[in-house]
Amino acid sequence: MPDPVLHIETGSRRAILLGRHLELTRLEFDLLRFLRAHPDRVFTRTALKTALWPRQDGNDRTVDVHVRKLRAKLAPHLDPITTVRGIGYRFEGTAPVALT
């Protein structure tokens, strides 16, 4: 596996992309950490919302908004989150991302 492009530091709640700190919201960080901790597993929007959202109001498309914002912050250097049409999202296990 190539050297990590992204480092997710769980203890300090920091994400560092190519040596630069990413400004992530609490939910963006939690979503990134959760997906990276479960590589190659597909999660439905409902499952992600249940696992990560403090309140369960709103619809499951809220997850799509957070994934889109997270992808925008990682682009163009990295795109580890794959959309599984009609189901949800998967984090690619081969992505150069370190979780510490």
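The figures here come from the full heavy-atom set of this structure, side chains too, leaving out hydrogens, waters and symmetry mates.
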Next on the checklist: Tell me whether the count of non-hydrogen atoms from other residues, nucleotides or ligands lying under 6.0 Å of CZ in Arg26 goes above 12.
Outcome noted: yes
Checklist entry - To the nearest 0.5 Å, what is the distance between NE2 (His21) and NE2 (His7)? => result 13.5 Å
Checklist entry - Going by heavy atoms in the side chains, are Tyr89 and Thr44 under 4.5 Å from each other? => result no
Checklist entry - Which one of Thr46, Leu52, Leu48 satisfies the side-chain contact (heavy atoms from CB on, under 4.5 Å) criterion with Thr50? => result Thr46
Checklist entry - Which pair of heavy atoms, one from Arg45 and one from Val63, lies closest together, and at what distance? => result O-CG2, 3.6 Å
Next on the checklist: Testing the basics here: between Pro39 and Gly93, what is the closest heavy-atom pair and its distance to 0.1 Å?
Outcome noted: CB-CA, 3.6 Å
Item to check | Shared hydrophobic cluster, Leu74 / Leu18 (ILVMFWY, side-chain heavy atoms < 4.5 Å) | outcome: yes
Next on the checklist: Working to the nearest 0.5 angstrom, can you tell me the gap between Asp64 CG and Thr62 OG1?
Outcome noted: 8.5 Å
Item to check | With Leu6, the side-chain contact (heavy atoms from CB on, under 4.5 Å) member among Ile16, Leu17, Leu99 | outcome: Leu17
Item to check | Hydrophobic cluster identity match, Phe43 and Val65, side-chain contacts under 4.5 Å | outcome: no
Checklist entry - Can you find a side-chain donor-acceptor pair between Thr83 and Arg71 that sits under 3.5 Å? => result yes
Checklist outcome for this item: One should read off an interatomic distance between Arg13 CZ and Ile8 CD1, to the nearest 0.5 angstrom, of 11.5 Å
Checklist entry - With His66, which of Phe29, Phe34, Trp53 fulfils ring pair (Phe, Tyr, Trp, His ring centres under 6.0 Å)? => result Trp53
Checklist outcome for this item: In terms of heavy-atom contacts, Glu28 and Leu70 come closest through O-CD2, 3.9 Å
Checklist entry - What pair of heavy atoms forms the shortest contact from Lys73 to Glu23, and how long is it? => result NZ-O, 2.8 Å
Checklist entry - Do Val5 and Pro96 have side chains that get closer than 4.5 Å, going by heavy atoms? => result yes
Item to check | Check: Glu92/Thr82 side-chain N/O donor and acceptor closer than 3.5 Å | outcome: yes
Next on the checklist: What I'd like to find out is whether the side chain of Thr10 reaches to under 4.5 Å of the side chain of Thr100, using heavy atoms alone.
Outcome noted: no
Checklist outcome for this item: Output for pair (Thr25 OG1, Asp30 CG), nearest 0.5 Å, gives 8.0 Å
